[in-house]
Number of protein chains: 2
Amino acid sequence: MPEILRWHAQLSGAGVRATRKRVQVLEVLIAEPRPITARQLHAELLNRGEPIGLTTVYRAVSSLVDAGLVHAFTQAGEATYRVCGPTRHHHLICRSCGLVLEQTAEPRTDGFEVEAVYGVCAPCARRALPEQQRDQPHRPRP
Amino acid sequence: MPEILRWHAQLSGAGVRATRKRVQVLEVLIAEPRPITARQLHAELLNRGEPIGLTTVYRAVSSLVDAGLVHAFTQAGEATYRVCGPTRHHHLICRSCGLVLEQTAEPRTDGFEVEAVYGVCAPCARRALPEQQRDQPHRPRP
DNA sequence: CGCAGCTTGACAATGGTTTTCGTTTTCTAC
DNA sequence: GTAGAAAACGAAAACCATTGTCAAGCTGCG
């Protein structure tokens with residue numbers, strides 16, 4: 001199924017009209033390789049010459065999340081958004097660089113239905129603390 | 001090593017004094033089986049007849065997180081806190097009931113250093129959607 | 001056309017968290 | 001013990017992401 005048809009199917013399936021503003025928000029999200037905040041979305045749309053209100057951006061991403069086209073993350077205490085595929089999956093999110101990987105394998109650790117895994121990706125882990133103590137528990141990196 | 005000595009060792013190791021207020025905050029956290037918010041911590045301390053300011057609670061949990069005694073989570077958009085063990089580990093957090101499991105095994109999915117895994121625990125998963133469609137991608141449960 | 005209902009956006013309100021700043025407590029040196 | 005310095009404390013204000021309000025605009029349908 002072509003992407004654009006899938007969008008409309010998923011939107012209407014969730015009772016959400018594919019309005020101009022919502023599609024514009026979705027287009028920005030599709031172009032972004034990693035999760036961005038509502039304010040960044042808003043700024044990017046204004047950059048593109050598309051007048052839109054911040055309130056509308058918040059409502060659009062909310063609709064898109066409800067429709068299953070977009071996934072919401074929490075990074076540094078604020079919500080970020082990114083498009084995600086239609087099949088069941090979970091995400092690996094690097095707390096340091098913001099990289100997101102979609103994983104289709106089902107880990108089911110201890111019976112958990114895993115939705116999001118936060119951690120530090122291999123390149124960021126190598127970059128940080130290359131020679132310092134490594135066995136400290138959960139010291140947040142600056 | 002007795003718990004109380006470990007606290008002091010970890011606190012002083014992070015350059016944090018084991019003051020009366022911080023110890024009281026830590027005691028409440030130790031008694032709580034799952035993560036609680038700063039406001040809940042504050043209310044519980046007032047309940048116990050310990051006068052403390054909300055600002056101090058925020059600063060105390062921040063110090064305790066820095067010292068590695070407490071781990072911070074994000075649930076429903078606000079920060080929650082819970083004591084955690086001294087050894088390297090990660091957490092499984094149920095988005096539905098707030099249950100937290102400490103895991104010491106290293107999953108290292110795709111080279112990630114896993115810190116926190118958000119999902120739905122088995123009892124909550126059984127309770128929700130027992131017969132409805134199960135293969136929807138990431139539809140947030142109400 | 002004309003209505004009903006969804007959508008939009010400026011503005012206000014909310015609420016968790018942090019900053020400010022003056023006061024109090026704690027630690028260290030004597 | 002006492003003094004002085006540094007850290008901790010707390011009330012109030014500031015901050016800021018997010019949500020609510022409400023009037024105006026748009027869309028589809030009879």
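Lettering follows sequence order; numbering is per chain, from 1. The figures that follow rest on heavy atoms only: side chains count, while hydrogens, waters and symmetry mates do not.
- C84(B) approaches H89(B) most closely through the heavy-atom pair CB-NE2, 3.4 Å.
- Here the side chain of Y118(B) pairs a donor or acceptor atom with the backbone of T74(B) at under 3.5 angstrom.
- Nucleotides of DNA chain C lying under 4.0 Å from heavy atoms of chain B occupy a range whose first and last members, 5' to 3', are dG16(C) to dC27(C).
- Judged purely by atom type and a 3.5 angstrom limit, Q24(A) has no side-chain atom pairing as donor or acceptor with the backbone of L45(A).
- No donor-acceptor pair under 3.5 Å is formed between the side chain of T109(B) and the backbone N or O of F112(B).
- One hydrophobic cluster, built from ILVMFWY side chains closer than 4.5 Å, holds both W7(B) and L29(B).
- Contact detail for E102(A) and G85(A): the closest heavy-atom pair is OE2-N, 3.0 Å.
- Axis angle across the helix from dC1(C)-dG30(D) to dC30(C)-dG1(D), with five pairs used at each end and values rounded to 10°: 30°.
- Formation of a donor-acceptor pair under 3.5 Å by the S63(A) side chain with backbone atoms of R59(A) is found in this model.
- With hydrogens and angles disregarded, no donor-acceptor distance shorter than 3.5 Å links the side chain of Q75(B) to the backbone of T80(B).
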Side chain to side chain contact (heavy atoms under 4.5 Å, CB included) assessment of R34(B) paired with L99(B):
CA-CA 6 Å; R34(B) 54 195 61 188; L99(B) 174 78; 4.2 Å; yes

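- Separating the CZ atom of R22(B) from the P atom of dA7(D) is a distance of 11 Å, rounded to the nearest angstrom.
- Remark: the backbone N or O of V120(A) is not paired with any side-chain donor or acceptor of E113(B) at under 3.5 angstrom.
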Summarise protein proximity over nucleotides 17-30 of chain D in one line of letters, 5' to 3': B for base, S for sugar-phosphate only, - for none, counting protein heavy atoms closer than 4.0 Å.
SBBBB---------

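- Within the nucleic acid shown, T56(A) comes within 4.0 Å of at least one base atom, counting heavy atoms only.
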